[in-house]
Amino acid sequence: MIIVSLVLGALGLVCLLSRTTLPGALIGIQLIFLGAETIFVVAGSVSGIPLEGHLFGLFIIVGGAVQVVVGHALAIRLFYLKKGTNIGDLKGLRH
Amino acid sequence: MIDNSTFVYWFCSGGAIFFGFLAAYSRNTRRGAICLWACSLFVGGLFLSIGAELLGVIQWIVGTLISLVFIFYSALFGVWEKKKNMIQFTIVSALGVGFVFSIWVGLSQISYIFDFSGTKKGLIDLGKILVQNHLLPLELLALTLFIAIVGSGVVSRPDRASGPKSIRGEEQEVE
């Protein structure tokens with residue numbers, strides 16, 4: 001049953017590595033978070049201490065929301081500077 | 001005969017994987033965001049089937065809000081991505097399959113029995129454990145979220161012109 005979270009994590013990894021735009025990469029990271037959250041909740045149910053699993057799942061959900069906020073702020077900055085959101089243009093933020 | 005909760009679990013799992021696949025492989029960012037939303041809905045249903053009701057509802061709410069943000073920003077930044085390099089894409093897909101296979105082989109060494117009947121715990125027990133045992137991580141998480149929101153506001157604001165200006169917009173010398 002943990003195979004579900006493994007497949008979601010793998011799909012997120014593929015999405016993160018294959019996307020050329022920052023919002024696309026953020027979608028991949030969200031899929032990875034979904035996989036991690038699922039594995040914590042399912043493992044908590046299996047181990048007989050479900051509440052700890054639910055709590056860590058909650059922490060991961062909030063962490064995912066933080067990632068979306070910060071990622072889109074970077075995307076806005078990149079869009080102001082380069083008029084696009086290609087991941088390769090992120091190097092330009094150094095200057 | 002499969003009981004209802006097991007059927008719902010596998011149905012939601014299949015739906016989550018299907019829409020996750022579409023979200024990962026779609027070139028259209030808006031379509032990817034909609035598929036991500038559907039995936040998060042099925043994951044919430046999966047949580048409901050194993051007794052994590054609170055987490056399921058929270059997942060539905062947060063997943064919907066996050067997908068709305070993605071759809072909004074896809075309208076702002078543009079929808080289509082460049083065509084992928086097929087060799088690189090094939091290598092990355094093989095990497096994903098290898099990731100699943102390697103962890104699956106490792107997990108098969110551990111024997112476990114899935115039993116979702118478990119002890120029935122309610123929201124009161126969840127709240128007690130959160131406050132008694134995990135208060136510090138909760139506070140750190142809230143602080144992290146606050147810093148991220150403030151920082152993202154600073155990062156995303158447009159540049160201001162340097163130096164003071166007169167009413168007519170001319171730059172003045174600073175003494």
Side-chain angles (χ1 to χ4, degrees), chain A residues 1-4 6-15 17-24 26-28 30-31 34-35 37-38 41-48 50-55 57-59 61-77 79-80 84-86, chain B residues 9 13 16-17 20-21 23-24 29 32-33 36 39-40 43 46-47 50-52 54-55 58-59 62 66 69-70 73-74 76-77 81-82 84 88-89 92-93 95-97 99-100 103-104 107 112 114-116 118 121 125-126 129-130 134 137 141 144-145 148-149 151-153 155-156 158:
Chain A
M1 287 183 170
I2 293 181
I3 190 73
V4 177
L6 295 182
V7 172
L8 283 177
L11 286 172
L13 186 67
V14 168
C15 184
L17 293 177
S18 64
R19 294 283 189 159
T20 56
T21 60
L22 189 53
L26 294 177
I27 290 175
Q30 278 299 306
L31 284 172
L34 276 176
E37 181 190 335
T38 311
V41 175
V42 171
S45 297
V46 168
S47 63
L51 293 180
E52 266 74 15
H54 299 176
L55 280 175
L58 188 64
F59 290 158
I61 288 175
V62 177
V66 171
Q67 173 262 322
V68 166
V69 168
V70 173
H72 279 103
L74 277 174
I76 290 171
R77 191 69 178 156
F79 191 77
Y80 278 141
T85 52
N86 286 323
Chain B
Y9 181 91
S13 303
I17 289 172
F21 187 84
T29 312
L36 179 70
C39 181
S40 65
V43 168
L46 193 152
F47 289 161
I50 59 175
L54 176 67
L55 216 59
I58 289 174
Q59 179 61 51
V62 173
I66 286 176
V69 168
F70 274 112
Y73 281 106
S74 69
L76 185 65
F77 297 139
E81 291 203 359
K82 290 181 201 171
K84 297 181 179 52
Q88 180 188 357
F89 188 67
V92 167
S93 299
L95 182 70
V97 171
F99 171 79
V100 173
I103 296 187
W104 178 248
L107 281 177
Y112 49 83
F114 278 95
D115 178 19
F116 295 140
K121 299 274 188 183
D125 302 295
L126 189 67
I129 285 186
L130 185 65
H134 302 284
L141 194 65
T144 305
L145 184 60
I149 288 172
S152 61
V155 165
S156 59

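A note on names: the letters A, B, ... follow the listed sequences, proteins ahead of strands, and every chain is numbered from 1.
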What are the two closest heavy atoms between B:V155 and A:A73, and how far apart are they? CG1-O, 4.0 Å
So which residue, A:G12, A:C15, A:A65, ends up with the most heavy-atom pairs under 4.5 Å with chain B? A:C15
For B:A52 and A:V41 the tightest heavy-atom approach is CB-CG1, 4.1 Å
Hey, does A:T21 have a side-chain heavy atom less than 4.5 Å from the side chain of B:F77? no
Residue B:V62 versus chain A: region with a heavy atom under 4.5 Å: side chain
Checking heavy atoms, do the side chain of B:I66, its backbone, both or neither come under 4.5 Å from chain A? side chain
Max heavy-atom pair count under 4.5 Å with chain B, selected residue of A:G63, A:A75, A:G57: A:A75
Just verifying a value: how many Å separate A:Q30 CD and B:C39 SG, rounded to the nearest 0.5 Å? 10.5 Å
Where A:L6 and B:F99 come nearest, the two heavy atoms and their spacing: O-CE2, 4.0 Å
Euclidean distance, A:E37 CD relative to B:S40 OG, rounded to 0.5 Å: 9.5 Å
Contact origin within B:L46 toward chain A - heavy atom pairs under 4.5 Å: side chain
As a test of understanding, state which of A:L34, A:T38, A:L58 forms a side-chain contact (heavy atoms from CB on, under 4.5 Å) with B:Q59. A:L34
Would you say that A:I3 contacts B:V100 through its side chain, given a criterion of any heavy-atom pair below 4.5 Å between the two side chains? yes
Quick one: does A:L8's side chain get under 4.5 Å of B:V43's, heavy atoms only? yes
Could you grab the distance from atom CZ of B:F47 to atom NE2 of A:H54, nearest 0.5 Å is fine? 8.5 Å
Hey, could you give me the CZ/CG distance between B:F21 and A:L31, rounded to the nearest 0.5 Å? 12.0 Å
Minimal heavy-atom distance between B:G32 and A:I27, with the atoms involved, is C-CD1, 4.0 Å
Rounded to the nearest 0.5 Å, the CG atom of B:L76 sits from the CD1 atom of A:I76 at a distance of 7.0 Å
Given that the side chain runs from C-beta out, which part of A:V68 has a heavy atom under 4.5 Å from chain B: side chain, backbone, both or neither? side chain
Heavy-atom cut-off 4.5 Å, strictly under: side chain, backbone, both or neither for A:Q67 against chain B? neither
